[in-house]
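Structure first, commentary second.
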2 protein chains.
Amino acid sequence: MSPAAHGSGLSFWAGSDEGGDGAVTHDQARSAAIAAELRGRIIDGRLPPGTRIRQEEIAEEFGVSRLPIRETLRFLESSGLVTLVASTGAWVSRLDLEECREIYLMRERLEPLLLRLAMPGHTTESFVEFSRLAEAVAASTSRGELVERDRDFHRALTAGPATKRLRETVDHLWNLTHFYRRQLLSPSVSRRREDILTEHRMLLRAVEERDVDAAEATLALHIRHTRRLVERNPQIFESGEAPGTVGPDAWVRPDAP
Amino acid sequence: MSPAAHGSGLSFWAGSDEGGDGAVTHDQARSAAIAAELRGRIIDGRLPPGTRIRQEEIAEEFGVSRLPIRETLRFLESSGLVTLVASTGAWVSRLDLEECREIYLMRERLEPLLLRLAMPGHTTESFVEFSRLAEAVAASTSRGELVERDRDFHRALTAGPATKRLRETVDHLWNLTHFYRRQLLSPSVSRRREDILTEHRMLLRAVEERDVDAAEATLALHIRHTRRLVERNPQIFESGEAPGTVGPDAWVRPDAP
DNA sequence: CCGCTCAGCATTGGATCCAATCTGGTCCGC
DNA sequence: GCGGACCAGATTGGATCCAATGCTGAGCGG
């Protein structure tokens, strides 16, 4: 086996395998699992932007020393989810409107490309699955569920082999904005929900007709519309204690800057 | 000050400051400098793809313990330059044609976007600088210099404030393929050199005329042409045959033609 | 009453030591 | 002679301990 040949390098990102036996082994799967868990907490909002992350606290929770936590934090920093300040501490990264806009602009360019590369691999069975997922989006009841189902739909459409880095980059862009997307799709803007469903249908049709250009254009437009919605709702970035907008739970720690 | 607000998270990437005093301080600038140095060696080919990286060796060279090296390697892994295998070792990542193609496709989409966002900030003085850099590309004598000057030109064109993540992503894509680009621009394909110069001139004109769409299209085409060249020269990926035996200068390939 | 300084504390960064894993070579059995 | 298993060396992964840094708050002086 040639170790250097297969590596994408980003394997660390590859979701939570969850397969690890409970044994306190030296395997680095442990570190990977911790990274995946922390990442999950950040993107789904359990660790909202601005939250201070104390190494010791996390270490104790997972029953390991601070060392693997340090490496994990370094890793999360490199993906932009965490901000490290030398000799001071780590915080969950916070986005402002400009950064979020930038990320959406990147997605507008990259996700259509990913879709293009994935489309030749789609089969008739895929289309059935896509329809099912689109219906799941339509059937979602809470905003949290809508966001998740929407992501499932996008992920399925762009699933396919042999585009590792691109897919990981797109995934990464989704992760960075996931928290704010959830804030955005509050009931007050549910009109957007109908647009999303319509755009999904259009997208689905283009994909089924194997019209690559139309599919790309539709997807780009779809993302662009969401970006415009973000730009019209800058209040979601005013972390502090914006009345009523931020989550239902006591996410917002008092020590937030 | 709010620590979490300013962070792009990717600050680690921000080039080699080189400013570090020699003192054996606890400052993490040391780690950052090591990361930058290693990264530099990888992208410029001093550490070619497939090279085994031993933690202890690097640690001794920089006069630190293995610990910061470990974190550095994790970091480089997350950016795809290094491949880690659990409990086994680290190697400089190797690209195959498909991956390289994928990276170029991404650059075709992202770099024009970066250019678009940078163009409003360009001034008359910028244009003078661009011309100077374009001439430097034309005046380059070795292929190594050509690659470097070409990168300088592209970087200057896309320089500007407030697009941190996008710029870092584009930079990252350049880094990943830099080694192979150098392999590519051998004398044998010097015809491409003339194309590059011509395309640079076209690009420059579009930028000076502040024609954003034309500039984007020209840049995309420029990158696309290089990608096609890569696709026509798959042999640049056939370095070394066995994983362990990739010599330090295996990339010097005395391809005469 | 307010601003500055300095000491104490919490937290992070690094070095050394120990345990687990993998590789490579060699030996034995077939 | 050849293939598989075993043993030793090398190398990485993790835990604990120590040093340095940055924040916090009390005390002092203006």
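When reading the values below, keep in mind they use all heavy atoms of this one structure, side chains included, and skip hydrogens, waters and symmetry mates.
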To the nearest Å, how far apart are Gln55(B) CD and dG14(C) C1'?
15 Å
Any salt bridge (Lys or Arg N to Asp or Glu O under 4.0 Å) pairs touching residues 169-178 of chain B, not counting sequence neighbours?
Arg151(B)-Asp171(B), Arg155(B)-Asp171(B)
From CD1 of Ile69(B) over to P of dT11(D), roughly how many Å is that when rounded to an integer?
15 Å
Hey, is Arg54(B) close enough to Glu60(B) for a salt bridge, meaning N to O under 4.0 Å?
no
Report which part of the nucleic acid Ile53(A) touches: base, sugar-phosphate, or nothing (heavy-atom distance under 4.0 Å, all strands).
sugar-phosphate
Quick one: Leu84(A) CG to dT12(C) C1', roughly how many Å, whole number?
10 Å
What is the distance from CG of Leu67(A) to P of dC17(D), rounded to the nearest Å?
14 Å
Ser65(A) side-chain N/O to dA15(D) phosphate OP1/OP2 under 4.0 Å:
yes
From CZ of Arg52(A) over to P of dG22(D), roughly how many Å is that when rounded to an integer?
13 Å
Taking CZ from Arg54(A) and C1' from dC9(C), how many angstroms apart are they, rounded to a whole number?
14 Å
Has the side chain of Arg66(B) got a donor or acceptor that lies under 3.5 Å from a partner of the other kind on the base of dG14(C)?
no
Look at the side chain of Arg70(A) against the base of dG14(C) and say whether a donor-acceptor pair falls under 3.5 Å; ignore hydrogens and angles.
yes
Between dT23(C), dA15(C), dG14(D), which nucleotide has the shortest distance from any of its atoms to the side chain of Glu71(A)?
dG14(D)
Calculate the interatomic distance between Ile58(B) atom CD1 and dT11(D) atom C1'; express it in whole Å.
14 Å
Between Glu98(A) and Arg165(B), is there a salt bridge with N-O shorter than 4.0 Å?
no
Nucleotide dA10(C), atom P - distance to CD of Glu56(A) in whole Å
11 Å
What residues, two or more places apart in sequence or in another chain, satisfy ring-ring contact (aromatic ring centres under 6.0 Å, His included) together with Phe153(B)?
His200(B)
